[in-house]
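Basis for what follows: all heavy atoms, side chains included, without hydrogens, waters or symmetry-related copies. In this text, all values refer to a predicted model and were calculated from it rather than measured experimentally.
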Amino acid sequence: MRSRAPTLSQVAALAGVSHQTVSRVLNHHANVSANTRVRVLAAIHQLDYQPNTAARTLVTDRSQTIGLITFDGTLAGPSSIVWAIQQAARQAGYFVSIANVPPSDASSIQDAVTRLRQQRVDGILSFTPTTTARTALRDVPTAIPLVAIGAITPSRAIGPPTVGIDNRAGAALATRHLLALGHHTVHHVAGPPDCPEASERTTGWRHALGAAGRPVPQARTGDWSAASGYRAGELLIADRSVTAIFCGNDQMAIGVLHALHASGRSVPGNVSVVGFDDLPETAFLLPPLTTIGHDFAEIGRRSIHLLIRQITDDVRNLTIPTAISPRLVVRSSTAPPPVSSASV
């Protein structure tokens, strides 16, 4: 015969506290002493007590669950952010329910929001890798706390609060670094045109060249993959005047490096290359890749904190700093241009 599950009252009796104290521990309330918290947690473990989340939701109108809409689990950056979100949510006492949908299908995004709301999530985080995804979130009812993860743009006042990297600043850092080394101009391998982050990086590159009074070459377009970077690199190699390339992410930079190596062009002897993201493996490439670094984990933590503040304070559209500042990470893939090209 199946034994009855232990109750909250049994946990309280074993720990020698009231059932209200057990509830405060379960809800991560700060007003509990360390010794009492240890006793309650020990009793929970000993009895193998499992809180009745359905009942608690009915009483508190909170599920302690956050919905997360993701679009591509194969890219290293978003995967790192998802991991950080899950860690920060767990520390705050929340479970994360994930919905993975196509990034350019507005109806799928709206369906994901509906499914998460049916699960009675307390709030929703959503990546915005495409313009379609960003636009679809504008239709989410204002009653549900919502935070977008993606590009910080001048139009970010329209729609939910957004947490992300300052892409324009990062692209400008990369471009100015190459110009300071003496390169006449900088070529660019951009991400997908329907991606706001790619557009922001392209804008930062273009503005930095314009501010320096340098020519702005035609940008080559990739899809974030190393294969697309390789194809763009093959096109750039055909122009022997190219001495500096800024890539929209590290994966495309890896493809460009391979194309240059396959053609016999030296990096950085003939061509300097800069990436974006500072993925862990970039320090171990040959040559190690100069890139734009930023804190993926901080994006995840800050998005969770912003969403939980909306949930607990019952406020929307919080106007607090949400742009993560990038940094230039200089390695061996950049150097002054060849002497014959320095005055081109």
Side-chain angles (χ1 to χ4, degrees), residues 71-80 103-104 129-130 151 165 167 170-171 173-175 177-178 181 183 185-206 209 216-294 296 326 328-335 337-338:
F71 298 89
D72 189 345
T74 63
L75 294 175
S79 296
S80 299
S104 297
T130 64
I165 179 70
N167 292 285
L173 278 174
T175 306
H177 167 66
L178 290 165
L181 289 171
H183 294 276
T185 190
V186 178
H187 291 256
H188 181 42
V189 179
D194 64 337
C195 175
E197 288 199 297
S199 298
E200 287 295 291
R201 292 173 192 183
T202 298
T203 297
W205 159 76
R206 185 178 291 115
L209 287 178
V216 181
Q218 176 187 355
R220 304 294 179 179
T221 301
D223 61 9
W224 296 133
S225 70
S228 70
Y230 183 86
R231 291 190 294 269
E234 287 185 310
L235 294 174
L236 290 170
I237 289 166
D239 183 352
R240 304 296 291 189
S241 70
V242 174
T243 66
I245 303 173
F246 162 53
C247 300
N249 75 340
D250 287 340
Q251 284 101 330
M252 292 192 298
I254 289 171
V256 168
L257 288 175
H258 185 64
L260 289 166
H261 176 74
S263 71
R265 306 289 292 280
S266 169
V267 178
N270 300 124
V271 182
S272 289
V273 179
V274 178
F276 200 116
D277 285 335
D278 192 23
L279 299 181
E281 57 267 30
T282 57
F284 301 96
L285 298 174
L286 287 175
L289 182 67
T290 294
T291 185
I292 298 300
H294 55 93
F296 288 116
L328 176 67
V329 182
V330 179
R331 298 195 180 102
S332 304
S333 68
T334 53

Grab the two heavy atoms, one from [X] and one from [Y], that are nearest each other, plus how far apart they are.
X: P192; Y: A198; value: O-CB, 3.4 Å
X: P129; Y: P196; value: O-CD, 3.5 Å
X: Y230; Y: A262; value: OH-CB, 4.1 Å
X: P338; Y: G269; value: CG-O, 3.3 Å
X: P217; Y: L209; value: CD-CD1, 3.9 Å
X: R206; Y: V216; value: CG-CG1, 3.9 Å

Does any non-hydrogen side-chain atom of [Y] lie less than 4.5 Å from one of [X]?
X: L328; Y: I292; value: yes
X: M252; Y: S225; value: no
X: H294; Y: V329; value: no
X: T185; Y: L178; value: no
X: P288; Y: S332; value: yes
X: T243; Y: V271; value: no
X: E234; Y: H258; value: no
X: C247; Y: V273; value: yes

Answer yes or no: is there a donor N or O on one side and an acceptor on the other, between the side chain of [X] and the main chain of [Y], under 3.5 Å?
X: R220; Y: A232; value: no
X: D277; Y: L279; value: no
X: N249; Y: W224; value: yes

Member of [options] meeting the side chain to side chain contact (heavy atoms under 4.5 Å, CB included) criterion with [X]:
X: V267; options: T334, L257, I245, L285; answer: L257
X: E197; options: N167, T130, T202; answer: N167
X: V274; options: T290, L289, D250; answer: T290

Residues in ring-ring contact (aromatic ring centres under 6.0 Å, His included) contact with H188, at least two apart in sequence or another chain: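 Only W205, F246 meet the ring-ring contact (aromatic ring centres under 6.0 Å, His included) criterion with H188.
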
Test side-chain hydrogen bond (donor to acceptor under 3.5 Å, both in side chains) applied to S272 - qualifying residues, sequence neighbours left out: H183

Residue pair R331 / T282, side-chain donor-acceptor N/O under 3.5 Å: yes

Going from SG on C195 to CZ on R201, what distance comes out if it is rounded to the nearest 0.5 angstrom?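 Here the interatomic distance stands at 7.5 Å.
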
